[in-house]
Structure formats: structure tokens, C-alpha cells
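Nothing fancy with the numbering, it's 1 onward along the sequence. We use all heavy atoms of the structure for the numbers below, so side chains are in, but hydrogens, waters and symmetry mates are not.
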Amino acid sequence: MLNIKRQIGRLYSSAIFGQISLSGAWVAILAARGFSLAQIGFAETVFHLVSILFEIPSGVLADVFGRKKTLVISCLMRIAGDIVMICSNNFALVCISIGLHALNYNFSSGSGDALAYDSLKSVGQEQKFDRYASNQLVIYRVCEGLSTLTAGFALVIGYRLAYSTGVVMSIFQLVILAGLVEVRLEPVAKEFHVWKEIARCFRESFLFLKEARRAMLLMFTNSFVGALDILLLFFLQAKLPMAGIPNWALGIALLITQAGGIIGARIILYAKRFGYKTIFAVSTAVILSAILLEHSGLYVLMALGGFLSSMADDALQVRTNTKLQDMFPSEQRATLISIESFTFSVIMIVFSPLAGLFFSWW
């Protein structure tokens with residue numbers, strides 16, 4: 001029988017090593033290298049363009065060949081992206097590195113959650129997935145917070161050493177991933193034809209979404225709110241120094257913004273009596289208010305805006321993830337999660353360059 005504590009523990013550990021590095025404040029690093037906010041916005045567009053092209057195929061490959069394998073591929077893509085960034089001496093190489101990091105995101109986005117849910121379901125504990133989703137968001141925010149806390153140090157030692165830490169962390173992550181157990185709730189067909197299985201997974205996933213319009217609506221609304229939060233936090237890295245925040249306080253301010261996500265991911269576990277529409281309305285209102293604070297020009301209020309935005313976004317994310325996992329069929333779970341990420345990338349590819357120009361002018 002599957003040792004569920006060990007399995008989930010390895011997924012948590014993999015998430016920690018997969019996210020922690022000295023290059024978390026990549027926007028600040030690129031800005032310090034002399035790239036403009038418009039260029040940074042374009043680099044973010046490259047990230048989401050690659051995601052649009054590979055997000056759904058990566059989810060299909062996870063469902064067909066196994067979630068553990070795609071998590072390993074994800075880790076290798078991060079190593080490649082970090083190495084290219086270390087060697088980059090122009091904007092083109094920066095964009096290539098960003099594209100490889102997008103592949104890192106693509107191959108991990110649906111695989112980890114799908115493997116976790118099916119692992120829990122295989123031992124009759126799928127009701128614990130909301131806590132798993134909450135814990136993963138806490139891990140993400142803590143790692144991002146630690147990475148941004150060291151933003152000043154990263155600028156001092158230079159981007160090459162900063163990105164080298166990512167390579168080292170990824171090697172540890174590969175060791176952890178090797179110990180995961182592949183879980184399939186549906187048996188693999190005896191006559192396995194790769195292209196037929198890929199075509200079947202695509203077909204059945206889109207047929208499901210055609211019928212389950214509520215799932216599509218949840219994906220879109222969650223992606224829209226998440227895009228607002230992500231863009232605010234990305235450009236906050238570059239805007240805080242412009243607002244006059246002392247160098248020693250930059251990392252602390254960025255850490256505070258990540259702490260909001262931790263609180264939001266925890267609070268939502270105790271708000272089960274509130275319906276999804278209520279959570280969505282409150283989260284959206286809070287994030288829009290945070291955007292106004294970000295444009296106050298006062299770095300204390302700007303940091304507060306980032307804190308509130310992270311809190312609202314992660315609260316909504318936990319609630320949405322849990323609702324969607326309960327809807328998704330197991331054999332297409334990673335594919336359908338990838339489709340959610342696809343909708344996020346579609347929104348971001350439109351918003352990112354506009355936001356770059358917007359923040360450059362305002």
C-alpha cells in the first residue's frame with residue numbers, strides 16, 4: 001500500500017527545492033542589469049507565449065506517460081534555463097532563458113497536483129486535498145519570500161551567482177523526485193499506442209470541458225484574478241526602488257507581500273461556510289484596491305497593496321483548486337489542470353506588455 005505521508009512529504013520537499021533560489025526577484029535583477037520595464041514586460045510575454053504553446057501538451061504527456069516523469073523533465077528545464085541566464089549577455093538569451101523557465105512551469109503545473117490528488121484518493125483521503133493545496137501555496141509564498149528577501153544580496157553578488165543557486169537546488173530536487181511513486185487510478189491499457197493515447201486524452205478532456213461549462217468559468221475567473229495579482233507583484237519589485245525605498249528594506253518589503261499569500265491560504269480553510277461567489281467578489285475587490293495602493297507612490301502603502309493582493313489571490317486559488325479537482329476525471333486530471341494554466345497564459349500574454357508600458361508611464 002502507498003505510504004501517503006512519504007509521498008506527500010516528497011511532493012512538499014520537491015516544491016521547496018524547486019522554488020527556492022537567490023533569483024526570485026528576477027524583475028529587480030533584470031532592472032539592475034539595465035533592461036527597461038518595457039523589455040521586462042516583453043520577457044514576461046515570452047514566458048506566457050511558450051506556456052500557451054506547451055501547457056496543454058505537457059499536461060497530456062503527464063497523463064499518458066506519468067506525472068513523475070514530467071516532474072523530472074520540469075526540473076531539467078529549470079537547470080537549462082538557469083544555465084542560459086548565467087551565460088546571457090544580451091536580451092535574446094534572456095528571453096530564451098525565460099522560455100525554458102516557462103517549460104519548467106508547464107511540466108510541473110498539472111503534474112504535481114494531479115499526482116497528489118490521485119495519491120490521496122488511492123488511500124481514501126481526497127478530502128485532505130484542500131489542505132495540501134493550501135500547504136503548497138504556503139511553501140510557494142515562503143520560498144518566494146526568502147528569495148525576494150535576499151534580493152539586495154542577489155544584486156550585490158551578481159545574477160550569475162544568483163542563478164547558480166537554482167542549479168544546485170534543482171539537483172537536490174531531482175534526488176527527491178526519484179523517490180516518488182507513480183499512482184494511476186485507471187489501469188493502463190495492455191495495448192498501449194502512444195499517439196492513440198495522446199489523441200484520446202486530448203479528445204476526452206475537451207469533451208469534458210464542453211459539457212462542464214462551470215469548470216471553464218472557474219478556470220477563467222481564477223486566472224483573471226491571478227493575473228492581476230502576479231503583475232502587481234512583478235512590477236512592485238522594480239517600482240519600490242523608484243518610490244525611494246532604502247536598499248536594505250527592499251527584501252523585507254517583498255517578503256511582507258509574500259506573507260499575505262500565506263495568511264490567505266490559511267484563512268480560506270476556515271471560511272468554508274462562504275460560497276465561491278462571495279470569495280471571488282471579495283478577492284477581486286481587495287486586489288483592485290491593492291492596485292490603487294501600488295500607484296500611491298508611497299512605498300509603505302505599495303507594500304501593503306502587495307500584501308493584500310497576495311492574501312486575496314491565494315485564498316481564491318485554494319478554493320478554486322479544491323472545487324476543480326473534485327470535478328476532474330482522474331485519467332485527464334493533469335491535462336485539465338494544464339488547460340487552466342493555459343487560460344492564465346492567454347490572459348497574461350495580453351496583459352503583460354500593456355502592464356509594462358502602463359507601469360513605465362505611471
Is any side-chain heavy atom of [Y] closer than 4.5 Å to one of [X]?
X	Y	answer
Cys95	Phe42	yes
Leu76	Asn104	no
Glu294	Ser289	no
Leu100	Val84	yes
Ile16	Cys143	yes
Phe17	Leu174	no
Asp118	Arg67	yes
Asp229	Ser310	yes

About how many Å separate [atom2] of [Y] and [atom1] of [X], when rounded to the nearest 0.5 Å?
X	Y	atom1	atom2	value
Ile287	Leu316	CD1	CG	7.5 Å
Leu71	Ile176	CG	CD1	12.0 Å
Leu218	Leu324	CG	CG	5.0 Å
Glu126	Ser119	CD	OG	12.0 Å
Ser23	Met169	OG	CE	11.0 Å

Given 3.5 Å as the limit, does a donor-acceptor pair link the side chain of [X] with the main chain of [Y], or not?
X	Y	answer
Ser13	Arg10	no
Ser36	Gln39	yes
Ser88	Met85	yes
Thr284	Ala281	no
Thr221	Leu217	yes

Lys NZ or Arg CZ of Arg33 over Tyr159 ring: under 6.0 Å, within 45°: yes
Assess whether salt bridge (Lys or Arg N to Asp or Glu O under 4.0 Å) is satisfied between Asp130 and Arg319, documenting all intermediate values. CA-CA 8 Å; Asp130 62 342; Arg319 178 61 63 86; over 6 Å; no
Distance-only polar pair, side chains of [X] and [Y], donor-acceptor under 3.5 Å:
X	Y	result
Tyr163	Ser97	no
Arg266	Asn135	yes
Thr70	Ser111	yes

Does one hydrophobic cluster hold both Val168 and Val175, with members joined at side-chain heavy-atom distances below 4.5 Å?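 In one cluster: no.
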Output, in order, the C-alpha distance, side-chain angles, deciding distance and verdict of side-chain hydrogen bond (donor to acceptor under 3.5 Å, both in side chains) for Tyr276 and Thr320. CA-CA 8 Å; Tyr276 185 84; Thr320 304; 2.8 Å; yes
Considering non-hydrogen atoms only, spot the tightest contact between [X] and [Y] and give its length.
X	Y	value
Phe307	Ala259	CE1-C, 4.0 Å
Ala43	Ile98	O-CG2, 3.2 Å
Leu308	Val286	O-CG1, 3.5 Å
Phe129	Asp113	CE1-O, 3.8 Å
Leu301	Ser296	CB-OG, 3.5 Å

Qualifying residues under side-chain contact (heavy atoms from CB on, under 4.5 Å), relative to Ala31, sequence neighbours excluded: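 Partners of Ala31 under the side-chain contact (heavy atoms from CB on, under 4.5 Å) test: Ile40.
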Just checking [X]: does its [atom1] atom have more than 12 heavy atoms from other residues, nucleotides or ligands closer to it than 6.0 angstrom?
X	atom1	answer
Phe35	CZ	yes
Lys68	NZ	yes
Phe220	CZ	no

Stepwise side-chain hydrogen bond (donor to acceptor under 3.5 Å, both in side chains) test for Asn3 and Gln7: CA-CA 6 Å; Asn3 186 327; Gln7 180 86 334; over 6 Å; no
Begin from the C-alpha positions of Arg78 and His101 and carry the test side chain to side chain contact (heavy atoms under 4.5 Å, CB included) through to its verdict. CA-CA 5 Å; Arg78 183 194 178 192; His101 281 101; 4.3 Å; yes
Let me see the working for Val142 and Gln19 under side chain to side chain contact (heavy atoms under 4.5 Å, CB included), right down to the final yes or no. CA-CA 9 Å; Val142 169; Gln19 292 167 13; over 6 Å; no
Let me know which of Gln127, Lys128, Lys121 forms a side chain to side chain donor-acceptor pair (under 3.5 Å) with Gln125. Lys128
For side chain to side chain contact (heavy atoms under 4.5 Å, CB included), just list the numbers for Ile8 and Leu120, CA-CA rounded to whole Å, side-chain angles, deciding distance to a tenth of an Å, and then say yes or no. CA-CA 9 Å; Ile8 297 300; Leu120 289 167; 4.3 Å; yes
Evaluate Met302 against Leu293 for side chain to side chain contact (heavy atoms under 4.5 Å, CB included), listing each step before the verdict. CA-CA 5 Å; Met302 292 165 71; Leu293 289 174; over 6 Å; no
Determine whether the aromatic ring centres of residues Tyr117 and Tyr132 are separated by less than 6.0 angstrom.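 Not under 6.0 Å, so no.
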